[in-house]
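Counting convention: from 1, in listed order, for ligands and their atoms alike. Just so it is clear, the model here is predicted, and its values are computed rather than measured.
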Amino acid sequence: MSIKKTIKKLIPNLLLRFLVKILNWIRLRKFYALKKPQIKKNNLASINEINLDYILKNEEILDTWKSWQDKLSSFNFIDFKGGVNPGDQRAIFYLIRYFKPKAVLEIGTHIGASTVNIASAMNYNQIDPLTKKIFKTIDIRDVNSIKKKPWLNYGMTKSPVEMIKELNVSYVDFVEDISINYLKKTSNTFDFIFLDGDHTPSTVYQEIPLALDKLNKGGVILLHDYFPNGKPLWSNNYVVEGPYLATERLINEIEIDILPLGNLPWKTKMESNKTSLALCLKK
Ligand SMILES: C[S@@+](CC[C@H](N)C(=O)[O-])C[C@H]1O[C@@H](n2cnc3c(N)ncnc32)[C@H](O)[C@@H]1O
């Protein structure tokens with residue numbers, strides 16, 4: 001039985017809700033106590049340059065998305081837990097195909113649902129042959145651990161690294177680290193940064209300024225679990241507050257803005273087209 005399930009069994013519901021409330025209150029206190037970040041540079045693409053309709057309805061990208069389907073379905077992302085949903089996987093693929101980043105950073109590898117789509121989209125992108133493609137994917141856990149095989153607990157038959165090997169690409173590096181530590185110490189810079197790790201307000205509030213410091217000119221940051229106005233997107237009433245709270249504060253402090261992807265031209269989850277993906281861009 002998982003730790004979550006054991007705790008749920010042992011602690012009465014009312015007490016559990018009270019404890020969660022206290023935990024959230026502590027989290028928020030920690031978040032509001034953080035100092036305003038000092039930004040050295042802001043290389044983000046401008047929000048005025050982005051036309052989501054153009055990106056998501058692009059016929060050329062659609063052709064490559066179609067030709068990737070046989071391989072993608074062979075990985076059996078069917079009854080999986082915790083990875084980005086199939087509609088979001090498609091949106092991420094389209095964004096990578098459109099922006100054509102040479103260097104990508106992903107925070108939060110987990111089962112590799114986003115990882116394989118990013119790696120594949122990068123493979124279709126034609127770039128200057130002298131430039132090396134880079135894709136670093138970071139997780140606080142060893143997502144490819146041979147001993148623990150964590151992917152089996154989340155409904156996958158292959159580890160992220162096994163799936164990447166099948167794509168025959170040489171540019172993907174799996175890194176086990178805490179996002180903030182990695183962002184502080186890496187000497188790499190990136191054109192596209194996907195933040196899908198720890199979604200607490202404090203972490204996202206620190207990750208974005210650090211990500212800005214590692215971003216190349218015209219780069220973008222993509223957020224997952226961004227719930228506009230901190231409100232549920234789906235009928236399950238589920239909300240992850242962190243990315244919204246962190247960015248609301250940052251919007252008032254530094255020159256960024258958020259462009260939620262909103263309704264995609266295809267299904268995401270719970271029979272809807274809604275997505276929690278959002279681009280962080282220059283105001
Ligand atoms: C929602 S999952 C990511 C899903 C993944 N993008 C996919 O599509 O399969 C979040 C992941 O972030 C990792 N994580 C949580 N906090 C982190 C941190 N501070 N630094 C790096 N990774 C973190 C977790 O271990 C987990 O695997």
Between [X] and [Y], does any side-chain donor sit less than 3.5 Å from a side-chain acceptor?
X      : Y      : value
Thr268 : Asn273 : no
Asn85  : Lys269 : no
Asp191 : Asn216 : yes
Ser114 : Glu106 : yes

Find all atoms of ligand 1 within a distance of less than 4.0 Å from any non-hydrogen atom belonging to [X], and give their numbers and elements.
X      : answer
Thr109 : 5 (C), 7 (C), 9 (O)
Ile178 : 19 (N), 20 (N)
Gly112 : 9 (O)
Gly83  : 7 (C), 8 (O), 9 (O)
Ala113 : 7 (C), 8 (O), 9 (O)

**Axial cation check for Phe31 ring with Arg249, 6.0 Å and 45° limits** =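 Yes, a cation-pi geometry.
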**Asked** Using 30° and 60° as the class limits, which term best fits the ring planes of Tyr94 and Trp266: parallel, tilted or perpendicular?
**Response** tilted
How far is [atom] from its nearest protein heavy atom, and which residue and atom name does that atom have?
atom                    : answer
atom 5 (C) of ligand 1  : Gly108 O, 3.2 Å
atom 2 (S) of ligand 1  : His110 CB, 3.7 Å
atom 22 (N) of ligand 1 : Ile140 N, 3.1 Å
atom 10 (C) of ligand 1 : Asp196 O, 3.2 Å
atom 26 (C) of ligand 1 : Asp139 OD2, 3.5 Å
atom 17 (C) of ligand 1 : Asp198 N, 3.7 Å
atom 1 (C) of ligand 1  : Gly82 O, 3.6 Å

**Request:** State whether Glu49 and Lys282 are salt-bridged, where the test is any N-O pair (Lys NZ or Arg NE/NH1/NH2 against Asp/Glu carboxylate O) under 4.0 Å.
**Result:**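 So Glu49 does not pair with Lys282 through a salt bridge.
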**Item:** Charged N-O contact under 4.0 Å between Lys102 and Asp128
**Value:**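 Salt bridge flag = no for Asp128 with Lys102.
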Any [X] heavy atom less than 4.0 Å to ligand 1:
X      : answer
Val143 : no
Ile111 : yes
Asp88  : no

**Request:** Could you check which of Gly197, Pro150, Ser179 puts a non-hydrogen atom nearest to atom 18 (C) of ligand 1?
**Result:** Ser179
**Request:** Would you check the N or O atoms of Ser114, main chain and side chain alike, for any that come under 3.5 Å of an N or O of ligand 1?
**Result:**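 Yes, since at least one N or O of Ser114 sits under 3.5 Å from an N or O of ligand 1.
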**Request:** Check the pair Ile26, Lys21 against side chain to side chain contact (heavy atoms under 4.5 Å, CB included), reporting the backbone distance first and the verdict last.
**Result:** CA-CA 9 Å; Ile26 295 170; Lys21 274 212 161 127; over 6 Å; no
**Request:** Measure across Phe93 and Asn117 and return the closest heavy-atom pair with its distance rounded to 0.1 Å.
**Result:**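 Nearest pair, atom of Phe93 first, then Asn117: CD1-O, 3.6 Å.
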**Message:** I need the single residue from Asp196, Thr137, Asp142 that forms a side-chain hydrogen bond (donor to acceptor under 3.5 Å, both in side chains) with Thr109. Which is it?
**Reply:**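 Looking at Asp196, Thr137, Asp142, the match for Thr109 under the side-chain hydrogen bond (donor to acceptor under 3.5 Å, both in side chains) is Thr137.
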**Asp177 and ligand 1 - part of the residue with a heavy-atom distance under 4.0 Å** = backbone
